[in-house]
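We count ligands from 1, going down the list as the structure has it; atoms in each ligand are counted the same way.
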Amino acid sequence: MSFETLQLNPEILRAVANCGYSEPTPIQAQAIPEILAGRDILATAQTGTGKTAAFMLPVLQRLSDVRRGPKGAPRVLVITPTRELAAQVTEATRNYGRFLNLRSAVILGGTPYVNQYRDLGGPLDLVVGTPGRLIDHLERRSLNLSRLEVLIIDEADRMLDMGFKEDMEKLVSAAPANRQTLLFTATLDKTMADLAGRMLREPVRIDIAGKQVTLEQIEQRLHVTDCLEHKKRILHHLASDPAVTRAIVFSATKRDADALAVELSALGHRAAALHGDMPQGARNRTVRDLRQGRVRLLVATDVAARGLDVNGISHVINFDLPMAAEDYVHRIGRTGRAGATGIAISFVSRSDVPRLERIERFIAQPLPQSVILGLEPTRPLRGPRSARTVNGGAARPGQARPGSGRPGDRRESGNRWQKSAPRDRREPVVEMRSRKPGARPAAH
Ligand code: AMP
């Protein structure tokens with residue numbers, strides 16, 4: 001299918017061609033005709049599926065047909081859970097709408113009100129924003145949603161996770177009942193489905209198997225680590241690999257993100273931190289530096305990196321495993337985007353085993369273990385009693401031994417990864433791998 005068959009304006013088609021897109025992604029092919037026909041949408045799709053263009057292209061088409069609304073009263077509102085995602089939606093709007101004469105405003109928390117009052121003070125087509133600040137403007141009457149035609153809720157499940165349910169409902173109730181509503185979520189549990197039921201009218205249900213789409217293009221590995229120092233040595237080793245052209249390193253806390261970025265910089269890596277305590281200006285600059293290659297290793301927390309849309313992320317490194325299995329998929333979805341392949345590496349210590357098992361169950365596959373010569377763990381991840389398969393079965397007696405890997409495990413020598421025999425998912429733990437006599441860590 002081509003974009004031409006989707007009945008989009010020539011100006012929009014030109015912008016899409018400028019972005020280098022040759023054909024619509026599955027969510028675009030399914031959603032665009034329905035949105036153009038005015039239907040509500042309930043879509044389960046993750047970042048990386050092309051969901052932003054799926055809602056933005058038909059919405060821009062609608063905006064280009066009629067003149068813009070009165071002061072402070074946008075015709076389209078996109079609500080996003082984080083500032084980064086809002087900034088990316090805005091950038092996408094700019095790219096896709098570059099040949100249209102449209103006016104948009106970005107309303108984010110943590111940024112000065114003065115520019116927002118200025119932007120909202122004139123006629124407007126589209127507003128993108130985060131819930132808290134949008135509510136502020138609604139209460140101050142600088143934002144008027146009475147003329148809203150299309151409401152888009154992006155990453156609605158994340159919005160719930162972050163405690164924005166009431167804010168979301170307030171914004172929805174300030175919009176006219178006959179608006180069109182497009183709701184995008186990565187997961188659809190009962191709470192989400194109830195909320196969607198209240199916000200949407202006879203929605204078209206679109207389900208993009210994001211998990212498979214994302215994971216197929218991503219090679220996943222894990223490194224067993226003994227302690228923090230061991231983790232840092234492995235990170236430094238990986239960071240020294242020239243194949244790591246642009247990476248996101250996930251850390252559990254903001255403080256650790258700062259500390260790791262400082263340590264990596266001191267070791268000569270172009271690293272920077274990204275987390276929610278940084279002023280918005282600094283966050284924007286850091287993301288820009290990553291895009292433009294001035295930063296090669298971004299050390300980030302989950303919230304800050306959520307929705308981050310930077311092309312060409314070669315590696316995602318989970319320095320700390322995420323708490324929720326879903327976040328693992330969100331994190332590794334930063335790489336392997338838009339047809340590219342990517343590598344996701346997770347550091348796992350013994351205390352992480354329950355979390356690892358949740359992740360492996362969630363993605364329905366075991367993560368193969370990699371070993372770096374000279375940086376092997378001193379203890380296996382699981383003792384003989386606790387070795388388990390992904391589906392919860394115990395390993396055969398005698399299979400898990402000190403230093404044991406699993407079929408399909410890799411071992412790295414220098415910067416080359418060598419794949420061993422193909423992994424059989426039913427046979428989780430088999431061979432023992434010991435360090436070759438005299439083997440040394442690869443030089444960098
Ligand atoms: P999203 O899921 O909206 O975050 O988009 C993921 C990435 O896919 C972004 O980098 C987009 O620029 C890119 N993208 C969106 N639509 C297409 C398409 N039809 N062809 C190729 N890349 C696309």
Go through the side-chain N and O atoms of T44 and R205 and say whether any donor and acceptor fall under 3.5 Å apart. yes
Are any of the N/O atoms in K51 less than 3.5 Å from those in ligand 1? yes
Q369 and H223: side-chain donor and acceptor closer than 3.5 Å? no
Heavy-atom contacts with T52 under 4.0 Å: which atoms of ligand 1 show up? List them by number with element. 1 (P), 3 (O), 4 (O)
At a 4.0 Å threshold, what atoms of ligand 1 neighbour a non-hydrogen atom of E23? 18 (C), 19 (N), 20 (N)
Which atom pairs, donor and acceptor, lie under 3.5 Å between side-chain atoms of residues 6-19 and protein residues at least two apart or in another chain?
unit_1, atom_1, unit_2, atom_2, d
N9, ND2, S64, OG, 2.8

So between G50, A45, G20, whose heavy atom ends up nearest atom 5 (O) of ligand 1? G50
With atoms numbered from 1 as shown, which atoms in ligand 1 lie under 4.0 angstrom from a non-hydrogen atom of F3? 19 (N)
So, using side-chain contact (heavy atoms from CB on, under 4.5 Å) as the criterion, who are the partners of D40 when residues are at least two apart? Q180, T181, L200, R201, P203
The answer for which part of Q28 has a heavy atom under 4.0 Å from ligand 1 is side chain
Side chain, backbone, both or neither: which part of F55 comes within less than 4.0 Å of ligand 1 when only heavy atoms are counted? neither
Suppose we call two aromatic rings close when their centres sit under 6.0 Å apart. Are Y117 and H137 close by that rule? yes
Would you say the side-chain atoms of D194 and T191 include a donor-acceptor pair closer than 3.5 Å? no
Does an N or O from Y96, backbone or side chain, lie closer than 3.5 Å to an N or O of ligand 1? no
Regarding R355 and the six-membered ring of Y328, is the cationic atom NZ or CZ under 6.0 Å from the ring centre and inside 45° of its axis? no
Enumerate the atoms of ligand 1 whose separation from the nearest heavy atom of T25 is less than 4.0 angstrom. 17 (C), 18 (C), 19 (N)
